[in-house]
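Below is one structure, written out as structure tokens; comments come after it.
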Number of protein chains: 2
Amino acid sequence: MSDQIEERIATGFYPPGMRLDETELAASFGVSRTPIREALIQLAAAGLVEIRPRRGAIVTEIGPHRLCEMFEVMAELEAMCGRLAARRITESEQRVLIEAHHACEAARDANTPDIYYRLNEQFHHLIYAAGHNIFLEEQASALHRRLRAYRRLQLRVRDRMGTSFSEHAGIVEAILAEDSELASIRLREHIVVQGQRFADLVASLPMLDSFNHG
Amino acid sequence: MSDQIEERIATGFYPPGMRLDETELAASFGVSRTPIREALIQLAAAGLVEIRPRRGAIVTEIGPHRLCEMFEVMAELEAMCGRLAARRITESEQRVLIEAHHACEAARDANTPDIYYRLNEQFHHLIYAAGHNIFLEEQASALHRRLRAYRRLQLRVRDRMGTSFSEHAGIVEAILAEDSELASIRLREHIVVQGQRFADLVASLPMLDSFNHG
DNA sequence: ATAGCTATTATTGTATACAATATCAATTTC
DNA sequence: GAAATTGATATTGTATACAATAATAGCTAT
């Protein structure tokens, strides 16, 4: 239930700032208000919606400043994953990572951003897992999901796939060389510049303001 | 509501592994099952309880291995706070931090572990805030709270206050010197060694097993 | 006597009804 | 004419009732 609502938030069907009426949602999903309320509470705990007491729930709106902060933390989590992965990755995980990297390359060459988007997610999740710290993997995945709705905007950036892929290449290289510090630095940078691009984009899109406040 | 249940978990009144019966809790708090269910969902999202579908909720039990993982992440978050704090701390925040540090010293000299425990929390929260990344502050605080029930065990460790305080001294020194890398390293180490001690303690306490599985 | 199956009980999950509060509009007063 | 207050309406928060499923215990059969 909450997954379905989360999906609608991630795809922008429920845009940031939109009011989520319990009765409407219940009717929309063909259930009573009870499971809807429970789903909203879950999503609120995950940070995807905000519940204002006695005033209903809205999809969380993240301003450019906060988005920067979140990407700053995401960058650090991914850097940590990379540092651990460089030390702990197994041979079979190495093979899968290289394979995922090559799949990204194919999507770049085919110029298919939507496929690249999906493969990119897989690539990063492989690094989360290769750190062999399950709690860290969970935290990184959770924050990654939370930023999903904003990552959509990435599709607008010019030559995103090209720069992203070459950064990936450097990351893979560092991990395979077991150079934990280099892997950490390159992953951090990879995420931070993304965050800055997103924040700029959000700040420059008056469209979102009309969503948010209108 | 969920705060009250969380408090009972943190204090060990509801020990790890304990089954949380909705009807019992409702009777215990003098409300109906509905707000109890909503509180349990919140706590489950925060990771403090686990809800097994159709099989009720239990207080999350964290084994030594996972505890290590969690402290590994906590160490990294605090290291990041320290790194940012060294760069961004204001003069008034510096004064408050020094003040908090001296308060810890007084508690150590007075040999009052419970007071030191509280002042230590304040000390760390000041560093979270001094990083001037509100999202990071929230994440660090959330994980800190999640580990609260296990931090209680810290009280058993011999000469905890002495070693803790001297580590704090090094951290304060690095932050005031605006040496972000040193602050980062010292904070990470400060947390990691705590995590190892906790994990050892949890592993060596058969008492907890009886709680968990009996 | 033990193992498997069935029936009963207890507990979770969902729906609905009701109460409390916030919002909005209309009316009145300054 | 504008602002404030009061009433009406809609929406959230809580309680309760009912349905569905899992656990348990008892019974039967091998």
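Naming convention: chains lettered A, B, ... in sequence-line order (proteins, then strands); numbering from 1 in each chain.
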With sequence neighbours left out, write down each residue that passes side chain to side chain contact (heavy atoms under 4.5 Å, CB included) with B:E69, or none if nothing qualifies.
-> A:N133, A:I134, A:F135, B:H65
Provide the full list of salt bridge (Lys or Arg N to Asp or Glu O under 4.0 Å) pairs with a residue in residues 41-54 of chain B, sequence neighbours left out, each pair given once.
-> none
Scan nucleotides 9-18 of chain D nucleotide by nucleotide, 5' to 3', and note B when protein non-hydrogen atoms come under 4.0 Å of the base, S if they reach only the sugar-phosphate, - if neither.
-> --SBBBBB--
Taking only residues two or more places apart in sequence, or in another chain, which ones meet A:Y116 in a ring pair (Phe, Tyr, Trp, His ring centres under 6.0 Å)?
-> none
Partners of B:F165 by ring pair (Phe, Tyr, Trp, His ring centres under 6.0 Å), sequence neighbours excluded?
-> B:H101
By side chain to side chain donor-acceptor pair (under 3.5 Å), A:R37 pairs with (sequence neighbours left out) A:E22, B:E38
